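In what follows, a single structure is set out as structure tokens and then discussed.
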Amino acid sequence: MSSGTNSSGAPRYRFAPSPTGFFHVGGARTALYNWALAKRSGGTFVLRIEDTDEARNRPEWTQGIIDALAWIGIDRDDPTFEGPYFQSEYATAHVAAAERLYRDGHAYYCDLTTEQIQERAKASGRPGYDGYSRDRGLEPGPGRVLRFRVPEGVTIVDDLVRGRVEFQNDTIEDFVLLRGNGSPMFLLANVVDDASMRISHVVRAEEHLPNAPKQQLLWQALGHTPPTWAHVPVLVNEQRKKLSKRRDKVALEQYRDEGYLATAMINYLMTLGWAPQGETEIVPWSRIQDEFRLEDVNHSPAFFDLKKLAAFNGEYVRMLSVDEFVDACRPWLHGDAVPWSPEQFDEAVFRSMAELVQTRIVTLADVPALVDFMFLDAPIVDEAAWTKTFASAEAVAMLAAARTSFESVEWTSESLKIATEECGAALGLKLGKAQAPVRVAVTGRTVGPPLFEALELLGREIVLDRLDVARHRLD
RNA sequence: GCCCCCAUCGUCUAGUGGCCUAGGACACCACCCUUUCAAGGUGGCGGCACGGGUUCGAAUCCCGUUGGGGGUGCCA
């Protein structure tokens, strides 16, 4: 695949998000692509932020991008990371480039208003601007836009993922470079910045593909060799529409805040449109960095599947060592969202249950609900579970039997299990049925971590007390 | 309307002319394991959009159809 590549020096991959107050998961994937390639090639990941008026007043938006990148392992302190740069820093250069284009005959001024253009389009039956001012020789002036003079012929965009894409130049209208007020347009600013930063690879979402021929023409008119293009497919929702902020959960920060692991998120994102060699999709970033190739990226849009993400996350949660897991859980075990007070929480107790919790959660946010009964004075009772469990006389009897038995049994999980078994047997209940009333009385729920381990940890006094409370409640 | 892109199980993918009676993963179903719930194990369901070519041979190459998506701003 040989489009003109900036041959001098190491490759430079630019990632140019526009700040919008959150970081899009699609953007995250594109960033990861750029990052993997830059890292492996010994090149550079250039972060250039598209500066808008609104973003300028909200520096936290830019910080949000940097934080989000850091979360997925794109570390600003890494020497591969260059930036952030802001588009506005180059505004003078943008205008200068436009004027050069005008002097060289690659651009011309036009005084048509949007309404006039529409009228002409309507009259001719062809939509869009028809090149009316091309040869009118207009001088610069207030209200006059500078338009690019699209040359005749064919523009071939040589794209690393899509191959050779041909555009007939007569289907590309003479697009605006400078607005009537003299300010540069995005397309121009982008090219000028890329060229002056000697960007060699532009890897971005497919929605930009129609812009590529225009930009390539601009690179050439400016006297530069165009970069290597790669337009990667977009991420879509179940309706096969491009993920949108309005309808879909697209903020990377939200996944972070809901307790998804960055490792899982990164891995999942990379399997959308690409697959690592071999038997499994669960692979560490190091392997992805070594193996990822744009040439192997799929051509069609990929559905962002929450269920599969959840499966990946569970997979990664279970891979954690106990220490790592406890560390990762910490933010979810403290703070306002948690039902217990700081004094009630005991990390040592949590640690001893950690392994049992690990196989039972999807995200870290699921952790508190599994262990809250260990720290609260009284369990949070799930009414539906309670009603269902104590609907039978045996269940009520079982509770009383366990209360009596637990008074004197040796306080280990193994003995507690045997004691429960015996009480159940006397009532014709198997262990599965026998443990239920005890579980609901002590934990408030029908589901949770293995019961007898929890009872042992809780201690005889608390357990007996909760059994009593439950019996009173039944009366 | 015009331009461009895309098309393998429900979903994400492997597959680059014979190794494919199409492989894996998620989801789903069943069974096993089991103190609940998970996790784990085993098995099952399920796909090359359609029609023409090219070829000894096509999921793979070509053309068309259909169906999706994106772009068509003095937005970025």
Side-chain angles (χ1 to χ4, degrees), chain A residues 16-20 50-52 55 87 110 112-114 117 125-129 143-147 157 159 161-163 165-168 170-173 175-183 185-187 189-190 205-213 231 233-234 236 238-242 268 271-282 296 298-312 314-315 317-318 356-362 366 370 385 389 413 416-417 420-421 424 430-436 438-440 443 445-453:
Chain A
S18 52
T20 54
E50 290 171 8
D51 199 4
T52 63
Q87 199 169 268
C110 172
L112 252 40
T113 62
T114 308
I117 291 170
R126 290 170 167 208
Y129 173 69
R144 292 181 176 176
V145 302
L146 183 70
R147 285 182 182 276
V157 173
D159 190 290
V161 350
R162 330 207 79 90
V165 185
E166 281 190 25
F167 295 86
Q168 297 296 325
D170 57 17
T171 65
I172 304 171
E173 69 176 41
F175 53 94
V176 174
L177 263 18
L178 253 29
R179 297 186 184 85
N181 67 8
S183 63
M185 294 283 288
F186 162 79
L187 219 59
N190 231 273
E206 189 193 343
E207 60 202 89
H208 292 286
L209 186 53
N211 286 153
H231 290 88
V234 294
V236 298
E238 46 281 277
Q239 270 81 239
R240 301 250 116 212
K241 294 270 200 297
K242 192 173 72 173
Y268 176 63
T271 64
L272 258 23
W274 178 79
Q277 286 289 314
E279 63 302 325
T280 176
E281 303 176 301
I282 305 285
D296 297 335
N298 253 255
H299 295 183
S300 46
F303 170 54
F304 188 82
D305 187 355
L306 271 322
K307 280 193 175 157
K308 190 154 181 180
L309 204 215
F312 268 55
E315 203 70 50
V317 165
R318 276 171 253 130
L356 305 174
V357 172
Q358 236 171 318
T359 56
R360 290 172 169 75
I361 59 165
V362 171
D366 299 334
L370 275 175
T389 302
S413 61
L416 284 161
K417 180 182 172 187
T420 306
E421 244 159 357
K430 289 194 170 156
L431 187 52
K433 284 277 186 198
Q435 58 89 43
V438 178
R439 177 183 292 280
V440 174
T443 73
R445 301 188 175 90
T446 50
V447 301
L451 183 60
F452 306 112
E453 287 78 354

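Protein chains get the first letters and strands the later ones, always in sequence-line order, with residue 1 at the start of each. Keep in mind that what you see is a predicted model, and the values were worked out from it rather than measured.
Atom P of B:rC5 sits at a distance of 24 Å from the matching atom of B:rC74, rounded to the whole Å. A gap of 8 Å separates the C1' atoms of B:rA27 and B:rG10, to the nearest Å. Annotation: B:rU36 and B:rU11 have their C1' atoms spaced 31 Å apart (nearest Å). Distance noted for atom C1' between B:rG47 and B:rU35: 42 Å (whole Å). Distance check on atom C1': B:rA14 versus B:rA59 gives 12 Å, rounded to whole Å. When the C1' atom is compared between B:rC12 and B:rG53, the two are found 32 Å apart, to the nearest whole Å. Look at the P atom in both B:rG71 and B:rA49: the space between them is 26 Å, to the nearest Å. Nucleotides B:rC50 and B:rA58 have their C1' atoms positioned 16 Å apart, rounded to a whole Å.
Side-chain atoms of A:Thr359 lie closest to B:rA39 of the nucleotides B:rG73, B:rU8, B:rA39. Closest to the side chain of A:His299, out of B:rC6, B:rC75, B:rU13, is B:rC6. Out of B:rU35, B:rA76, B:rG71, the shortest distance to the side chain of A:Leu431 is found at B:rU35. Here B:rC74 is the nucleotide among B:rC74, B:rU36, B:rG71 with the atom lying nearest to any side-chain atom of A:Val176. Distances from the side chain of A:Arg318 to the nucleotides B:rC6, B:rA39, B:rC74 place B:rA39 closest. With B:rU36, B:rA7, B:rU13 as the choices, the nucleotide that has an atom nearest any side-chain atom of A:Ala275 turns out to be B:rU13. Set against B:rA76, B:rU35, B:rU13, the side chain of A:Pro450 has B:rU35 as its closest nucleotide. In the set B:rG70, B:rC74, B:rU35, the nucleotide with an atom closest to the side chain of A:Phe452 is B:rU35.
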Derivation of the side-chain contact (heavy atoms from CB on, under 4.5 Å) call for A:Phe312 and A:Ile282:
CA-CA 8 Å; A:Phe312 268 55; A:Ile282 305 285; 3.7 Å; yes

Check the pair A:Gln87, A:Asn190 against side-chain contact (heavy atoms from CB on, under 4.5 Å), reporting the backbone distance first and the verdict last.
CA-CA 8 Å; A:Gln87 199 169 268; A:Asn190 231 273; 4.0 Å; yes

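At the heavy-atom level, A:Gly273 lies under 4.0 Å from the strands shown only through sugar-phosphate atoms. Nucleic acid contact for A:Gln168: none, since no nucleic acid atom lies under 4.0 Å from a heavy atom of the residue. Residue contacts for A:Thr446: at a heavy-atom cut-off of 4.0 Å it reaches a base atom on one of the strands shown. Within 4.0 Å of A:Pro449, counting heavy atoms only, lies at least one base atom of the nucleic acid. Contact annotation for A:Val145: base contact, defined as any heavy-atom pair under 4.0 Å involving a base atom. A:Leu112 comes within 4.0 angstrom of a nucleotide base, judged by non-hydrogen atoms across all strands. Residue contacts for A:Ala436: at a heavy-atom cut-off of 4.0 Å it reaches no nucleic acid atom on any strand shown.
Put simply, A:Arg126 has no side-chain N or O that comes within less than 4.0 Å of OP1 or OP2 on B:rU72. At B:rG69, one or more side-chain N or O atoms of A:Lys241 fall inside 4.0 Å of OP1 or OP2 (strictly under the cut-off). Residue A:Asn298 places at least one side-chain N or O closer than 4.0 Å to OP1 or OP2 of B:rA14.
Judged purely by atom type and a 3.5 angstrom limit, A:Thr389 uses its side chain to pair as donor or acceptor with the backbone of A:Ala385. Proximity of a side-chain donor or acceptor of A:Tyr268 to a complementary backbone N or O of A:Asp305 within less than 3.5 Å is detected.
What separates CZ of A:Phe303 from P of B:rG47 is a distance of 20 Å, to the nearest Å. Between the P atom of B:rG70 and the CD atom of A:Glu206 lies a distance of 10 Å, rounded to the nearest Å. Between A:Leu209 atom CG and B:rG71 atom P there is a gap of 12 Å when expressed in whole angstrom units. Distance A:Met185 CE to B:rG73 C1': 7 Å, rounded to the nearest Å. For A:Lys242 and B:rC6, the NZ to P distance is 17 Å, given to the nearest whole Å. For the pair A:Arg360 CZ and B:rU35 P, the computed distance is 12 Å after rounding to whole Å. Atom pair A:Phe175:CZ and B:rC3:P shows a separation of 19 Å (rounding to whole Å applied). Spacing between atom CG of A:Leu187 and atom C1' of B:rC75 amounts to 11 Å, rounded to whole angstrom units.
Here A:Leu112 contributes atom CG and A:Arg144 contributes atom CZ; the two are 11.0 Å apart, rounded to the nearest 0.5 Å. Expressed to the nearest 0.5 Å, how far CD of A:Glu281 lies from OG1 of A:Thr271 amounts to 5.5 Å.
A donor and an acceptor atom never sit less than 3.5 Å apart when one is taken from the side chain of A:Arg240 and the other from the base of B:rU11. Within 3.5 Å, no donor on the side chain of A:Arg162 pairs with an acceptor on the base of B:rC5, nor the reverse.
B:rG1 is paired with B:rU72 under the Watson-Crick or G-U wobble criterion, all donor-acceptor distances under 3.5 Å. Across every strand in view, B:rA25 sits in a pair with B:rU11 that passes the Watson-Crick or G-U test at under 3.5 angstrom. Within the shown strands, nothing qualifies as a pairing partner of B:rU60 under the Watson-Crick or G-U definition with both distances less than 3.5 Å.
At a cut-off of 3.5 Å, with distance as the only test, no side-chain donor of A:Arg439 or A:Thr443 sits close to an acceptor on the other residue.
A cation-pi arrangement is absent between A:Arg147 and A:Phe175, since the terminal nitrogen or guanidinium carbon is not both under 6.0 Å from the aromatic centre and inside a 45° cone about the axis.
The residue among A:Gly180 and A:Leu356 whose nearest nucleotide of RNA chain B lies closer to the 5′ end is A:Leu356. Closest-nucleotide positions on RNA chain B for A:Glu207 and A:Arg147 were compared, and the one nearer the 5' end corresponds to A:Glu207.
Atom CD of A:Gln277 has 12 or fewer heavy atoms from other residues, nucleotides or ligands within 6.0 Å. Residue A:Arg126 qualifies as open at atom CZ: its count of foreign heavy atoms under 6.0 Å is 12 or below.
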Protein-nucleic acid N or O pairs under 3.5 Å, nucleotides 24-32 of chain B:
from	atom 1	to	atom 2	distance (Å)
B:rG24	O2'	A:Glu279	O	3.1
B:rG24	N2	A:Glu281	OE2	3.2
B:rA25	O2'	A:Glu281	OE1	3.0
B:rA25	N3	A:Lys308	NZ	3.2

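Across A:His208, A:Glu207, A:His299, a single residue satisfies side-chain contact (heavy atoms from CB on, under 4.5 Å) together with A:His231, and that is A:His208.
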